[in-house]
Amino acid sequence: VCFIPGGLDCSISFVSHILGKVCVHGRQREILSVLVPRLTELTKSDCIWQRICWRLVECVPDRWMEAVVLGFVQRAPGAGVLSRLLGNLVVKNKKAQFVVTQKVLLLQYGHTTAVLQNLLGYLSLDSLRRALLIKVLKELLETWASSSAVKHSPPEQQQYIGKAILICLSHLKEPEIESCRQELLTSMMEGVKCHLDSNLPQIRHLGMIVAESISSKINTDGPVLKFQYEEDDEARELKSLLVQTPPFCVVPSLPDDDRNGKADAALPLVLESNKKSHTAAPVMPDEESDAELDSDDDLIPYDMSEDKELNTKAPVYIRDCIEVLTGSEDVDKWEATVKALESLVRKNPAATREVSVELAKILLHLEEKTCIEGFVELRQRAQVAVLTTDPVPVVKYLTSQFYSLNYSLRQRMDILDVLVLAAQELSSPKSHGRMKHSGAQKPCIQLLPGSDSSKDWRRIVDERIKSKTRRFASGQSQVEPAPSPNEFNSVAGHFFFPLIQHFDRPLTTFDLLGEDHFVLGRLVHTLAILLHLAVNTVAVTAMGKALLEFVWALRFHTDSYVRQGLLSCISSVLLSVSAERLLEDMTEELLETQSWLGDVVEKDPDGECRRLALQNLLLMENLKKKLKTIPS
Amino acid sequence: MALPPPDPQFVLRGTSAAVHALHFSCASQEPDVPILYSGSENGLIHAWNLQTHRVDAALDGHGRKSVCCVETMGGKDRLLSQGRDQRICLWDLAEGRTAVADSVFTENVGFCRCSLLQVAQGRWLMAMAAKALEEVQVLELPSKTSVCTLKPEVGAKLGMPMCLKLWQLSCGSQPLLLAGYEDGSVVLWNLSMGKALSQLVCHQEPVMSLDFDSEKAKGISGSSEKVLSIWSLNEQQNLQVYKTHRLVNAGISGITIRPDKKILATAGWDHRIRIFGWKKMKPLAVLDYHTATVHCVSFSDHSNPRDRLLAAGSKDHRISLWSIYTQT
């Protein structure tokens with residue numbers, strides 16, 4: 001299609017119609033890939049062409065407007081170009097306005113960042129359109145701040161809205177921010193609250209970054225909000241959206257994102273190298289400060305950086321450790337005890353069994369007195385060691401404490417972690433230790449073959465047979481791990497049932513079904529892991545049944561992390577309990593669960609939940625097939 | 001970039017007991033072999049041949065009681081050893097003999113190492129802790145006559161003498177004794193008059209070891225705490241603290257200044273040997289080889305400076321030989 005230049009007054013509504021029809025039939029890409037570059041060229045400096053272009057789009061009938069506008073927004077290489085091509089279409093045409101301000105931003109979320117940049121940049125470029133920009137920002141913020149949206153919309157959509165908010169913020173000018181400062185503040189406060197309440201770390205990061213950005217925009221002087229979070233690629237990308245290059249530059253905005261992203265990536269590298277040179281620097285001045293003239297100068301010191309303090313204060317007995325941890329004021333000794341505790345516990349199982357519950361109590365309440373590296377890990381390993389040495393009483397203590405008053409959430413989750421790690425250790429065969437011993441015994445003293453002829457003939461015959469036989473498979477060349485009794489068998493029930501018992505009984509400081517849904521999520525995941533580790537134990541059937549009932553009670557929980565946990569519980573049940581047991585003891589539960597799973601696959605807003613439910617349904621199918629093939 | 005500390009040149013193994021005393025005898029010329037004498041906790045004195053790195057002779061003269069001090073008296077044929085069997089033995093090792101020529105009964109059950117000083121050809125002074133708690137006795141060898149007994153004044157409460165050093169400013173001048181005591185003080189004694197010239201409290205804990213540089217009139221003492229104390233002797237024969245040096249780990253069992261007065265070595269309870277420049281106490285190296293307390297350090301008396309060695313004996317039954325700062 002070529003256009004006739006010159007001052008001819010032609011009607012191009014026919015062209016608009018064609019364009020619209022083609023776009024709506026899905027051929028946006030083909031036609032616009034030719035049209036848009038051409039138009040970009042032509043409208044660069046020529047006003048007439050600009051007007052022709054505007055007329056073109058304006059004349060597209062409403063029913064095809066969406067397709068055309070969307071196509072243009074996606075195809076245009078920049079906000080400036082889009083502005084030239086579309087003009088004030090959004091202001092004049094209701095349908096276009098709806099598509100641009102509502103549909104693309106709030107109802108869809110599959111578009112790329114470039115599209116968002118184009119769109120929002122386009123809105124910001126003209127004074128008429130800026131009013132729309134502010135309106136858009138307010139609506140986006142409303143969505144971002146609504147707790148039901150945070151809970152029920154998929155994380156990808158929330159990410160999309162976050163990006164849109166950041167880009168809007170980057171386009172706003174001072175007076176505009178002034179005018180809507182109050183609203184920005186209120187929505188930021190509300191939004192931060194519901195984002196931080198979420199169990200998914202992605203949502204929390206998103207909330208933190210957007211809140212920080214809003215706060216930095218509205219408080220240009222004075223303290224800004226600052227959160228602590230991990231600076232991963234996503235975070236950097238989001239932050240780079242805040243920095244906008246001026247809209248009238250010819251360079252399209254896509255490389256800008258890259259450049260900003262690279263600048264951000266280059267900055268951390270520069271900072272790191274600075275840090276490294278700083279740590280190297282203190283070593284040098286120590287040696288250079290002694291550069292006075294004396295005959296000692298020709299005695300060059302050696303590197304003495306390895307010269308550190310010796311710690312020889314760790315106690316050797318478990319009871320001494322208990323004393324130090326509970327009462328001692330000596331910080332060095334306390335530190336040394338914490339570091340040495342795990343190995344002491346493992347080396348002295350008999351002594352540990354005498355004081356196991358006391359030790360567990362101390363460790364649960366142990367707080368960091370001084371700054372030790374890896375304190376949390378050291379404490380956890382010590383707790384696991386105590387638990388595996390004397391499972392039954394300690395597990396009784398820990399599970400009872402999980403539901404007691406006046407523990408922090410951190411401590412309750414610590415209990416769960418420790419239970420899982422200990423269960424893992426108890427249930428895995430102790431192959432490493434055993435193998436070493438058996439390896440050491442193998443090189444036994446070989447008696448030199450005596451000149452006894454009776455032994456000789458046997459040897460010769462053996463060799464002859466060996467050389468004559470053909471071997472087809474060399475067999476297992478790896479030593480099999482020595483089988484050992486499953487220590488988890490006797491205690492699996494003790495781990496599992498107390499945890500499941502009181503979940504619906506709220507205490508004043510701990511309400512699993514209410515506010516503390518984060519702990520509920522962790523509890524559910526822990527139960528799934530415990531069941532999985534209990535495979536091949538005697539109690540696994542009873543555990544599976546109890547777990548299925550538990551899942552049934554909680555299946556409509558609003559938190560997606562909890563639902564993911566429930567679905568992994570079902571997977572554990574299906575994998576750990578043997579097929580016959582499942583069929584005999586749990587048929588009704590399984591059928592009910594199956595129907596619930598089907599529901600989840602279709603209707604659950606969270607992608608991860610849907611995937612897990614599908615997996616479970618597949619497992620059930622496999623189970624059915626396996627049962628059918630077994631001759632009854 | 002500073003170099004990492006050097007490794008030992010050689011490690012002598014075979015004492016099968018903690019090493020408490022070391023002494024080199026390497027000044028003699030060819031064909032005499034350089035020897036290192038070591039005294040161990042099992043009562044044996046080993047003569048190590050430093051060319052073959054093997055034991056040439058093992059001397060058993062202290063009845064299986066720990067040997068705490070080994071010294072040579074003018075050449076490697078005359079050896080003096082002090083053991084915890086309350087005896088100081090004089091050995092005659094010429095022509096391969098291994099006999100105890102003479103012995104002195106000290107009646108002292110402490111740990112104080114005796115100190116030897118040659119005052120004239122064939123005449124030696126030896127200071128040792130005496131029978132009474134706070135006394136130091138000085139004997140002349142080989143006649144074994146008592147020169148004087150140094151008693152601190154009543155009420156001084158110095159405790160046991162822990163370490164001794166006999167010295168004289170130059171050959172022929174008055175010999176003096178520096179003694180470190182249990183209460184942390186160092187006392188300078190005049191032997192001819194038998195009285196203390198000066199006393200200085202250097203440490204809060206017992207003085208474990210000391211050494212003195214008579215040319216610069218400066219000495220250093222180490223104790224069971226984390227501080228090394230450097231003190232000096234002024235013209236009035238008064239001891240004053242010159243400076244202190246703080247260590248990373250507490251406990252020093254031995255200090256030795258090299259004969260050329262350029263560096264000194266300390267043996268630490270933290271298994272490490274530390275080398276300092278003597279002029280300004282500049283830390284030069286930390287030699288970390290041993291796996292237990294280092295009991296003693298000793299510098300060799302090689303005539304060729306490049307052959308000089310440092311030996312360290314430790315509770316882990318090993319003697320490490322180091323060649324360090326031999327270029328100066």
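First the proteins, then the strands, lettered A, B, ... as listed; each starts at 1. All values reported here derive from a predicted model rather than from experimental measurement.
- Summarising the local packing, NZ of B:Lys243 is surrounded by more than 12 heavy atoms from other residues, nucleotides or ligands at distances under 6.0 Å.
- For B:Gln240, the CD atom sits in a packed shell: over 12 heavy atoms of surrounding residues, nucleotides or ligands are nearer than 6.0 Å.
- Contacts between B:Asp288 and chain A at a heavy-atom distance below 4.5 Å are absent for every atom of the residue.
- Interatomic distance, CE of A:Met304 versus CG of B:Leu287, reported as 10.0 Å (0.5 Å rounding).
- For the pair B:Ile275 and A:Tyr302, the minimum side-chain heavy-atom distance is 4.5 Å or more.
- Of the two parts of B:Leu247, neither the backbone nor the side chain holds a non-hydrogen atom closer than 4.5 Å to a non-hydrogen atom of chain A.
- With a 6.0 Å radius and a threshold of 12 heavy atoms from other residues, nucleotides or ligands, A:Phe375 has its CZ atom above the threshold.
- Atom NZ of A:Lys361 has 12 or fewer neighbouring heavy atoms from other residues, nucleotides or ligands inside a 6.0 Å radius.
- Between A:Ile300 atom CD1 and B:Leu284 atom CG the span is 10.0 Å, to the nearest 0.5 Å.
- No more than 12 heavy-atom neighbours from other residues, nucleotides or ligands sit within 6.0 angstrom of CD on A:Glu377.
- The side-chain heavy atoms of B:Lys282 and A:Pro301, taken from C-beta on, include a pair separated by under 4.5 Å.
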